[in-house]
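Remarks on the structure that follows.
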Amino acid sequence: MITSFFRLAESRILVEQLRLIMGNFRSTWPSMVIALLFLWPLSTDQNALALRFWCAGVIVSNLNLQFYVRRKLARGLVPGEARGTAVALGLLNAVDGLLWGLLPWLTLGLVGQTGFVLVIAAYCGMVAAAVATQSPVLPQFLAFTLPQFASFALKLWLLGDPAYSVLAVAAVLYYIAMAGQAINSSHAARAAIDVRFELADSHARLREIERRQTLAEERQRLVQDMHDGLGSSLLGALRVVEHGRLAELDIADVLKSCIDDLKLAIDSLEPVDADLLLLLATLRFRLGTRLESSGIVLSWQVRPVPTLEWLDPRTSLHILRILQEAIANIIKHAGATEVLVETRADAGNVYVSVTDNGRGFDAERALEVGGGKGLVSQMRRAQAIAAEISWTRPGKGTCVTLRLPILQARQG
């Protein structure tokens, strides 16, 4: 099981692992300062020149790492380049680790006790820091730290002093402990990334399921609505024609109504972004010609109103059907010459009114005697969207008012 941590993960997970460790490289500049500070306490007559070259090499190596990481992050990590990036970064880390691995060969045996303690502290600190910064991709941790500690332990062992040999063994044990911690950290980072991707995949699947369910519901709604509206109108017209009781002019009128019905169903699917005025504009476009051909003048006094966040294809079709029925009744029965469509709003509602100057009718009486099938349909549609519809007689004619709540609508 441990060997699985030494293999590179799949590309999209590797991208996240690399992004973690690359973000930490922005804070590695203190290692360059430490390399410079080592020139003073660790320099002797025997190693001064070599130590200067070593310090220059460490600084150049770190700057190269910084440049590579910043360039990659600026361009953006993509799954297709993840493995190549991981290999290149591992090589750069290995070079940096090898340079730091030269430090004990340039100093141990030549410096005093203070210098010896500094070298040990530097190696312990770098390995501990590497656990925190590079362990998300375990091979990167190994590429940087293994050359250092292998070189450090070997140099201690070759000094020939029993005390140094014990320190060499202690260094190996310390490194094994840190490597174990790095493996645990790598496992934790990988598990966290896996969980995040699993959640993202789960959310994507849920969104797809919701999308398909919405499409299925919309199809079912349209089929049902076309069956109840368009299908019913065509079937009724067909039966009357078969019995020879419908004139050509009436047939044309029925067909026009069916076409309007179909177009409104299609219009309801168009996005309106919660804008009732945009929805009403489609109604004006579809029915304005019919009003004009019937000799009825349309007065359009639609003013800006608050947005209705609940407005969607389902509720849009209900609103269009209600207003379509109101205008159709005016054309067929009112004997009107003018129609006024207007909007207004108060603190909690938006109102859409359709007023004609025709002969008018008593809505309550029509419902009582069972002759108001269209009125019942309008009431049912209004109830389905938590709206209210009312009929009044302002002197001459009839006013149909649809009250729409601003903040909520019952789903139905």
Side-chain angles (χ1 to χ4, degrees), residues 228-229 232-233 236 249-250 253-254 256-257 260-261 264 276-277 279-306 308 315-406 409-410 412:
D228 295 342
S232 178
S233 298
L249 186 60
D250 294 330
D253 189 60
V254 169
K256 287 179 182 179
S257 297
D260 289 338
D261 199 68
L264 285 180
L276 178 64
L277 302 190
L279 184 66
L280 294 178
T282 65
L283 181 71
R284 181 183 187 183
F285 175 75
R286 295 299 184 194
L287 300 182
T289 303
R290 287 202 65 197
L291 286 169
E292 183 179 353
S293 64
S294 301
I296 300 175
V297 177
L298 174 63
S299 179
W300 195 259
Q301 296 185 17
V302 173
R303 299 176 178 84
V305 294
L308 306 178
T315 54
S316 295
L317 185 56
H318 281 310
I319 294 173
L320 289 175
R321 287 277 192 261
I322 292 170
L323 299 177
Q324 178 196 24
E325 180 70 22
I327 292 176
N329 286 337
I330 293 172
I331 295 174
K332 294 177 181 179
H333 309 298
T337 58
E338 295 181 7
V339 171
L340 169 65
V341 177
E342 58 183 341
T343 58
R344 59 185 176 86
D346 58 24
N349 301 284
V350 170
Y351 300 88
V352 182
S353 298
V354 179
T355 306
D356 66 81
N357 65 345
R359 61 179 63 96
F361 74 101
D362 190 334
E364 292 185 4
R365 179 171 176 77
L367 291 170
E368 288 176 0
V369 299
K373 183 177 179 181
L375 304 183
V376 173
S377 175
Q378 287 176 296
M379 294 173 65
R380 176 178 56 81
R381 290 184 180 278
Q383 185 178 15
I385 57 174
E388 289 183 3
I389 187 170
S390 60
W391 295 266
T392 56
R393 300 185 64 178
K396 188 177 182 181
T398 303
C399 176
V400 181
T401 302
L402 181 63
R403 181 187 66 81
L404 303 169
I406 295 175
R410 183 173 71 254

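All heavy atoms count here, side chains included; hydrogens, waters and symmetry mates do not.
Summarising the geometry, atom OG1 belonging to Thr398 is positioned 10.0 Å from atom CZ belonging to Arg359; distances are rounded to the nearest 0.5 Å. For the atom pair CZ of Arg303 and CD of Glu342, the computed distance is 6.5 Å after rounding to the nearest 0.5 Å. Summarising the geometry, atom CD1 belonging to Ile331 is positioned 11.0 Å from atom CG belonging to Asp356; distances are rounded to the nearest 0.5 Å. Note that CG of Leu276 and CD1 of Ile319 are 5.5 Å apart. Values are rounded to the nearest 0.5 Å. Rounded to the nearest 0.5 angstrom, Leu308 CG and Ser316 OG are separated by 9.5 Å. For the atom pair OG1 of Thr282 and CG of Leu277, the computed distance is 11.0 Å after rounding to the nearest 0.5 Å.
The two residues Ile385 and His318 have their closest heavy-atom pair at CG2-CD2, 3.7 Å. Of all non-hydrogen atoms in Ala345 and Val305, the two that sit nearest each other are CB-CG1, 4.4 Å. Of all non-hydrogen atoms in Asn349 and Pro405, the two that sit nearest each other are OD1-CA, 3.5 Å. The two residues Leu280 and Trp300 come nearest to each other via the heavy atoms O-CH2, 3.4 Å. Closest approach of Arg403 and Ala387 over heavy atoms only: O-CB, 3.0 Å. Of all heavy-atom pairs spanning Ala336 and Ile296, the tightest one is O-CG1, 3.4 Å.
A side-chain donor-acceptor contact under 3.5 Å links Asn357 to the backbone of Thr337. Of the possible donor and acceptor atoms, none in the side chain of Thr343 sits under 3.5 Å from a partner among the backbone N and O of Val352. Glu338 places no side-chain N or O within 3.5 Å of a backbone atom of Val297 that could act as its donor or acceptor partner.
With Ile322 as the partner, the side-chain contact (heavy atoms from CB on, under 4.5 Å) test is satisfied by one option alone out of Met379, Arg380, Gln378: Gln378.
Glu292 CD: 12 or fewer foreign heavy atoms inside a 6.0 Å radius.
Side chains of Tyr351 and Asp346 form a contact here, defined as non-hydrogen atoms less than 4.5 Å apart.
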- [ ] Verify side-chain contact (heavy atoms from CB on, under 4.5 Å) between Leu298 and Arg284, making sure each step is shown before the conclusion.
- [x] CA-CA 9 Å; Leu298 174 63; Arg284 181 183 187 183; 4.0 Å; yes

